[in-house]
Amino acid sequence: MPLRKLRNIGIAAHIDAGKTTVTERILYFTGVTRKLGEVHDGQAVMDFMKQEQERGITISSAAISCQWKEHNINIIDTPGHVDFTVEVERSLRVIDGLIAVFCAVGGVEPQSETVWNQADRYKVPRIAFINKMDRVGADFYEVVLQMDKYLDANPVPFQIPIGAEDNFEGSIDLVEQKAIVFKENERLVIDIPEDYKEKAQEARKHIIEKLADFDDEIMELYLAEQEIPAELIKKAAREATLKMLMTPVLCGAAYKNKGIQLLLDAVVDYLPSPVDIGAVVGTDLNDPEKTHTRHPSSNEPFTALAFKLINDLYVGQQTFIRIYSGKLESGMQVFNSTKGKYERIGRIMRIRAKDREEISEAGPGDIVALIGMKYTKTGDTLCDPDHPLLLESIFVPPSVIDLQIMPTSKKEEEKLGIALHKLASEDPSFNVRVDEETGETIISGMGELHLEIMVDRLKEEFGLNVQVGEPSVAFRETITAEAQQETKFVKQTGGKGQYAHCVIRIEPNPARGFEFVDHIKGGAIPNEYIPSIQKGIHAAMEEGILADFPVVDVRVVLLDGSFHPVDSSDMAFRTCASICFKDAFMKAKPILLEPQMKIEVNTPDEYIGDVIGDLNKRRGRVEAMRRFRKGAQKVNGFVPLMEMFGYATTLRSLSSGRANYAMEFDRYVPLPREMQEKVLAKIKEKKRKQSA
């Protein structure tokens with residue numbers, strides 16, 4: 001099939017907007033499935049993990065292929081819950097176009113904004129589908145207004161609904177100027193009903209006026225008051241969508257099978273093929289300033305990005321890749337330019353959710369899974385060994401919540417280590433570390449649900465019985481002042497000794513992460529020891545100094561030092577740098593940083609005072625309030641994560657169960673001094689008890 005007839009698309013939305021149901025209907029109407037799978041009864045094809053079926057939510061992005069109107073469509077269904085935002089992130093990195101699903105009642109919700117911003121970051125063209133038009137409170141036009149106001153989406157309705165709520169019958173296709181109504185299981189294409197003609201004319205005129213801004217031919221026909229053919233509208237709308245100048249908006253009710261075929265038509269008509277996306281740009285391995293381009297062609301050198309790992313009980317580790325150029329064949333050797341390692345391609349699989357089909361080769365635009373990769377992880381570039389380059393990796397947000405985890409018996413300790421390593425390799429937002437002093441295993445993730453799912457998977461998939469502690473906040477450590485430190489590390493042990501000498505200055509480096517600057521002159525420390533100094537500092541930062549939390553946002557300048565021709569070694573300089581950094585850190589007015597969360601509470605008017613009062617008590621800061629439907633408001637603000645444990649129960653009792661909320665990580669902010677003292681005292685007491 002020609003590349004122009006391939007679509008790599010994602011489906012993303014806020015939780016409960018109905019994106020998995022939309023995907024299930026797409027699979028049904030394209031003939032991939034014979035019966036409809038439902039989320040609420042755990043039968044959805046795309047939600048095949050046990051944890052997804054039990055909770056009725058998507059946790060892991062799933063890939064599947066289908067065909068519509070002689071086009072091949074690869075679909076990635078992504079999670080809506082903010083705890084699994086990295087799943088959306090890595091899917092958006094490799095897709096070409098996106099269907100953003102909105103609930104006709106909820107409108108633009110917190111995760112809708114997050115997904116939209118992620119799509120902006122990767123410059124992904126998108127169309128919008130306003131779902132659940134049959135629900136009480138459905139308001140198509142209000143959602144379009146919210147998309148314009150809160151997402152700056154430049155939304156343009158290409159359909160308008162016929163009726164709403166219980167009276168939702170179908171929609172009017174403004175391009176073809178026909179009405180599509182659904183009677184039981186029948187889909188009828190009819191003339192636009194008389195009472196909708198004026199509204200449809202206005203809405204079509206709005207499309208043409210928008211397109212006239214981007215297309216000269218439409219502008220001329222519009223000014224001459226001539227009829228504009230549907231094909232010309234589609235062509236201009238496609239170009240505007242690909243350039244992200246507008247977002248075509250459609251509507252329907254996926255659960256009632258209304259509007260899905262028109263949505264598929266829009267995917268084919270308005271979303272890009274790999275050819276439309278064009279060349280991908282990578283950097284030279286030896287010179288980051290130099291770039292290489294790879295066009296979506298089988299004749300170009302092979303280039304692909306690994307975006308997901310799954311450990312399958314039957315076939316082992318599956319590595320999902322998106323191929324940008326060249327051909328991949330079984331048995332071929334490729335180069336992992338991120339790791340600097342060679343990989344041999346074993347089996348290549350085309351994935352259909354939990355089913356797989358083995359293929360012998362794959363080409364540009366394909367999304368496939370590879371079995372048996374040794375070194376490749378999420379975000380790694382695979383390329384032709386003779387034409388290496390490095391593609392942009394995948395952004396991974398920091399983990400914000402910790403949980404202590406223990407095996408129930410000594411013999412399960414090794415099994416737990418292996419299982420945690422597998423889970424961490426699958427999910428880059430899930431981290432595992434061992435506290436050196438206490439020997440405790442600490443797992444970190446994006447939220448309580450994220451860690452709950454991981455613990456559940458340890459029990460279900462790996463057959464491990466584990467004990468867990470209370471969730472706690474994953475603080476970070478940083479400095480607020482400059483400090484200079486000189487350290488000599490000298491050890492004589494009878495034979496060859498150890499000698500290293502470093503002078504460093506450390507400085508605050510807010511929001512820019514870790515930077516290392518080498519100012520050594522005249523070979524005071526030989527070049528081969530500089531990486532060892534950097535590794536020693538890295539190790540100290542990961543362990544934490546003030547309270548065993550990772551150190552962030554620090555700039556380290558290596559000023560001076562000395563070495564011994566016999567006694568100096570890599571290990572001596574690593575140890576010396578680690579001690580030097582720790583001493584400098586304690587002189588540089590260290591502080592703890594706490595995760596600040598962005599929160600949105602939806603509440604009926606009568607509880608607004610109680611909700612705001614409770615947020616204020618939690619050190620929250622309310623930024624805005626807006627009415628989102630009659631008798632109800634959205635409260636937006638920021639609140640420290642450490643104050644939010646148990647919030648769901650409190651909100652339920654404050655609002656008689658009628659309010660709900662969504663929360664996502666915003667950034668790390670300094671912990672107030674008095675709170676810091678309490679946290680440090682608590683950690684000290686805990687360690688004292690454990691060592692007693």
Side-chain angles (χ1 to χ4, degrees), residues 49-51 54 59-60 83-84 86 309-319 339 372-378 396 398-477 535-536 538-545 547-551 571 574-575 578 645 682-692:
M49 284 170 65
K50 184 173 184 287
Q51 291 80 6
E54 286 173 352
I59 291 164
S60 176
D83 280 16
F84 310 102
V86 78
L309 267 70
I310 291 179
N311 285 294
D312 188 283
L313 289 172
Y314 304 105
V315 297
Q317 186 176 281
Q318 297 179 73
T319 306
K339 298 280 194 308
M373 303 298 275
K374 286 182 182 171
Y375 309 108
T376 305
K377 298 279 181 280
T378 296
V396 180
S399 48
V400 293
I401 195 161
D402 287 348
L403 193 66
Q404 180 195 344
I405 189 164
M406 293 160 290
T408 47
S409 66
K410 195 79 181 156
K411 67 175 186 192
E412 288 202 323
E413 213 165 278
E414 194 182 335
K415 268 174 78 180
L416 177 64
I418 294 165
L420 288 173
H421 175 72
K422 281 185 176 176
L423 292 178
S425 71
E426 274 186 29
D427 183 350
S429 65
F430 175 70
N431 298 305
V432 183
R433 63 186 166 88
V434 176
D435 187 310
E436 296 299 328
E437 280 184 50
T438 62
E440 289 176 346
T441 300
I442 311 289
I443 58 174
S444 309
M446 299 300 298
E448 289 179 85
L449 179 64
H450 187 197
L451 295 184
E452 184 192 312
I453 297 288
M454 289 304 190
V455 170
D456 205 22
R457 288 185 65 189
L458 286 172
K459 292 174 181 173
E460 293 291 335
E461 287 174 35
F462 298 96
L464 284 163
N465 273 321
V466 289
Q467 293 176 336
V468 295
E470 289 293 313
S472 61
V473 173
F475 294 101
R476 296 286 185 268
E477 301 178 13
K535 281 177 188 165
H538 255 299
M541 287 176 69
E542 278 176 20
E543 280 173 27
I545 297 148
D548 302 336
F549 296 110
V551 175
M571 188 47 74
R574 274 180 82 157
T575 309
S578 180
F645 293 114
K682 207 171 171 184
I683 290 166
K684 205 172 172 183
E685 178 61 21
K686 184 182 167 192
K687 285 191 171 174
R688 189 188 62 76
K689 281 182 179 170
Q690 281 170 336
S691 59

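Everything quoted here is computed from the prediction, not taken from an experiment. If you read the sequence from its start, that first residue is 1, and numbering goes on from there.
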Next on the checklist: Test side chain to side chain contact (heavy atoms under 4.5 Å, CB included) on L309 and T376; report intermediate values, then the result.
Outcome noted: CA-CA 9 Å; L309 267 70; T376 305; 5.7 Å; no
Checklist entry - What do the steps show when you test K459 against V466 for side chain to side chain contact (heavy atoms under 4.5 Å, CB included), and what is the final call? => result CA-CA 7 Å; K459 292 174 181 173; V466 289; 4.2 Å; yes
Next on the checklist: Test side chain to side chain contact (heavy atoms under 4.5 Å, CB included) on L416 and F462; report intermediate values, then the result.
Outcome noted: CA-CA 8 Å; L416 177 64; F462 298 96; over 6 Å; no
Next on the checklist: Would I683 and F475 count as a side chain to side chain contact (heavy atoms under 4.5 Å, CB included) here? Give the steps.
Outcome noted: CA-CA 12 Å; I683 290 166; F475 294 101; 5.6 Å; no
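Remark: K377 NZ to T319 OG1 distance equals 7.5 Å, nearest 0.5 Å. In this structure, CE on M541 lies 6.5 Å from NE2 on H538, to the nearest 0.5 angstrom.
Counting only heavy atoms from C-beta outward, the side chains of I401 and F645 approach each other to under 4.5 Å. The shortest distance between side-chain heavy atoms of L458 and I405 falls below 4.5 Å. Put simply, the side chain of D427 reaches to within 4.5 Å of the side chain of M454, judged on heavy atoms. Side-chain contact between L423 and I443 is absent, with no heavy-atom pair separated by less than 4.5 Å.
Shown here for F549 and V473, the closest heavy-atom pair between the two residues is CE2-O, 4.1 Å. Residues A474 and S399 come closest through the heavy atom pair CB-O, 4.0 Å. Taking all atoms of both residues into account, the shortest heavy-atom contact from A424 to V432 is CB-CG2, 4.3 Å. Across all non-hydrogen atoms, the minimal contact from A419 to L464 is CB-CD1, 3.8 Å.
Under the side-chain contact (heavy atoms from CB on, under 4.5 Å) criterion, Q467 pairs with M406, T408, not counting sequence neighbours. Scored by the side-chain contact (heavy atoms from CB on, under 4.5 Å) test, S472 finds D402 as partners (sequence neighbours excluded).
No more than 12 heavy atoms of other residues, nucleotides or ligands sit less than 6.0 Å from atom NZ of K682.
A donor-acceptor contact shorter than 3.5 Å links the side chain of T575 to the backbone of M571. A donor-acceptor pair under 3.5 Å links the side-chain atoms of E477 to the main chain of I545, judged by distance alone. Checking side-chain atoms of S425 against main-chain N and O of K422 turns up a donor-acceptor pair under 3.5 Å. Formation of a donor-acceptor pair under 3.5 Å by the E413 side chain with backbone atoms of P407 is not found in this model.
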